[in-house]
Number of protein chains: 2
Amino acid sequence: MKLITRDTDYALRALVFIARSMDRVVAVTELVQELGIPRFFLRKILQLLHKKGLLKSFKGKGGGFILNRLPQELSLLQVMGVFQGRFSLNECLLKKHLCPNIRTCILKKRIKNIESYVARELEAITIASLIKKYART
Amino acid sequence: MKLITRDTDYALRALVFIARSMDRVVAVTELVQELGIPRFFLRKILQLLHKKGLLKSFKGKGGGFILNRLPQELSLLQVMGVFQGRFSLNECLLKKHLCPNIRTCILKKRIKNIESYVARELEAITIASLIKKYART
DNA sequence: ATCTAATGATACTATATTTGTATCATTAGT
DNA sequence: ACTAATGATACAAATATAGTATCATTAGAT
Ligand code: FES
Ligand code: FES
């Protein structure tokens, strides 16, 4: 089972490419050619990133997208948030019959700990950290 | 987005209940009454747990299930494995165009680290640790 | 032996999510 | 006016999740 869905994946790649293009406006056509993502699907993804404020868009001829955040403030966690909602393991594993001590439930605490660890790590994976470390072919 | 699906969830509750019943054979009917899980769905789940060797089953009148593992050697990770397959974030986020240094890819390493952390934690959540800490109502 | 209450195996159905397509309106550069 | 881009929105296909149903097999009880 995968934690990261395809749209998150595609979005991340597009964002990395756009970030590398600095302040140049990048059109969908270019991204499709570079990344090999189905055109209409990618458009929908970029439109959503725009609606959520992660991208700035320009309509009309010569239009396209640029980042609307600093690369160091744009994380994988945020991108996942856009397409997959908030990450969690599961609300409550042992319902009332099996786990009466809701206040002191240690299992719940352990689950929350895992969740926040993962969230922290995914937040640390920023676009900036990705464009720094990898050169283009 | 939830990491744990319903069948894993149900399976865990059933296993906890069965573990608490010690060496007594527990039938589906009893579990349905206690846990309020749809009968046929629960049957399918238990049959799969049996096929995967986590439960021992007894057919015929007075039949049912008992654990086929020591509670301290039966973890949430194993149960998830049965119903959801191996947990992973995503194979490779930035394919060859964006991430040419496959051998030294730091992103990949970070992702693997998150995965193995989560796996370790989920393995530490054993049935034994659950039946010890919570009394029945 | 027969009845009965349990699981084994397997196929089917329904619902939700993921993934992808298509169309028309709007905008802006030339 | 023409053209090349995104915005909004609806539609459709594929897959995964959740749940049902049926018949065969087994073993205890009488
Ligand atoms: S598992 Fe939900 S309160 Fe303990
Ligand atoms: S992300 Fe796949 S090799 Fe770097």
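All figures in this text were calculated on a predicted structure; none of them were measured in a lab. Reminder, nothing fancy here: chain letters follow the sequence lines and each chain counts from 1. The figures that follow rest on heavy atoms only: side chains count, while hydrogens, waters and symmetry mates do not.
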**Complete:** B/S/- along nucleotides 8-14 of chain C (protein heavy atoms under 4.0 Å) is BB-----

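- Apart from B:Met22 itself, the hydrophobic cluster it occupies contains nothing, where clustering links Ile, Leu, Val, Met, Phe, Trp and Tyr at side-chain heavy-atom distances under 4.5 Å.
- Between B:Tyr10 and the phosphate of D:dG19, there is a side-chain N or O to OP1/OP2 separation shorter than 4.0 Å.
- In terms of position on DNA chain D, the residue among A:Thr29 and A:Met1 whose nearest nucleotide sits closer to the 5' end is A:Thr29.
- Taking 4.0 angstrom as the limit, B:Arg6 places a side-chain polar atom (N or O) nearer than this to OP1 or OP2 of D:dG19.
- The CG-C1' distance, from A:Leu48 to C:dT19, rounds to 14 Å in whole Å.
- B:Phe58 and B:Leu46 end up in different hydrophobic clusters when Ile, Leu, Val, Met, Phe, Trp and Tyr side chains are linked at under 4.5 Å.
- Remark: A:Phe40 pairs with no residue by the ring-ring contact (aromatic ring centres under 6.0 Å, His included) rule, at least two apart or across chains.
- When each of A:Leu67, A:Asn68, A:Ile127, A:Leu49 is checked for a side-chain contact (heavy atoms from CB on, under 4.5 Å) with A:Leu54, only A:Leu49 meets the rule.
- Here C:dT7 presents its C1' atom at 15 Å from CD1 of B:Ile45, a figure rounded to the nearest Å.
- Protein atom CG of B:Asp9 is 13 Å distant from nucleotide atom C1' of D:dA18, rounded to whole Å.
- Between the C1' atom of D:dA1 and the NZ atom of A:Lys61 lies a distance of 12 Å, rounded to the nearest Å.
- Of the candidate nucleotides D:dA4, D:dT6, D:dA18, D:dT6 has the atom nearest to the side chain of A:Val28.
- Among the heavy atoms of the strands, none lies under 4.0 Å from B:Phe83.
- With sequence neighbours left out, the side chain to side chain donor-acceptor pair (under 3.5 Å) criterion links A:Arg43 to no other residue.
- Partners of B:Glu30 under the salt bridge (charged side-chain N to carboxylate O under 4.0 Å, His left out) rule, at least two apart in sequence or in another chain, are B:Arg24.
- Among the protein residues, A:Gly60 comes within range of the nucleic acid bases, having at least one heavy atom under 4.0 Å from a base atom.
- When rounded to the nearest whole Å, the span between CG of B:Asp7 and P of C:dT15 equals 19 Å.
- As rounded to whole Å, 16 Å separates atom C1' of C:dT7 from atom NZ of B:Lys56.
- Listed candidates were D:dA29, D:dT20, D:dT17. Nearest to the side chain of B:Phe41 is D:dT20.
- Sorted by first and then second residue, the salt bridge (Lys or Arg N to Asp or Glu O under 4.0 Å) pairs involving residues 61-75 of chain A (not counting sequence neighbours) form an empty list.
- In the set C:dT21, C:dA6, D:dA18, C:dA6 carries the atom at the smallest distance from any side-chain atom of B:Ala27.
- Distance A:Leu42 CG to D:dA5 P: 14 Å, rounded to the nearest Å.
- Counting to the nearest Å, the P atom of C:dT17 and the NZ atom of B:Lys2 are 11 Å from each other.
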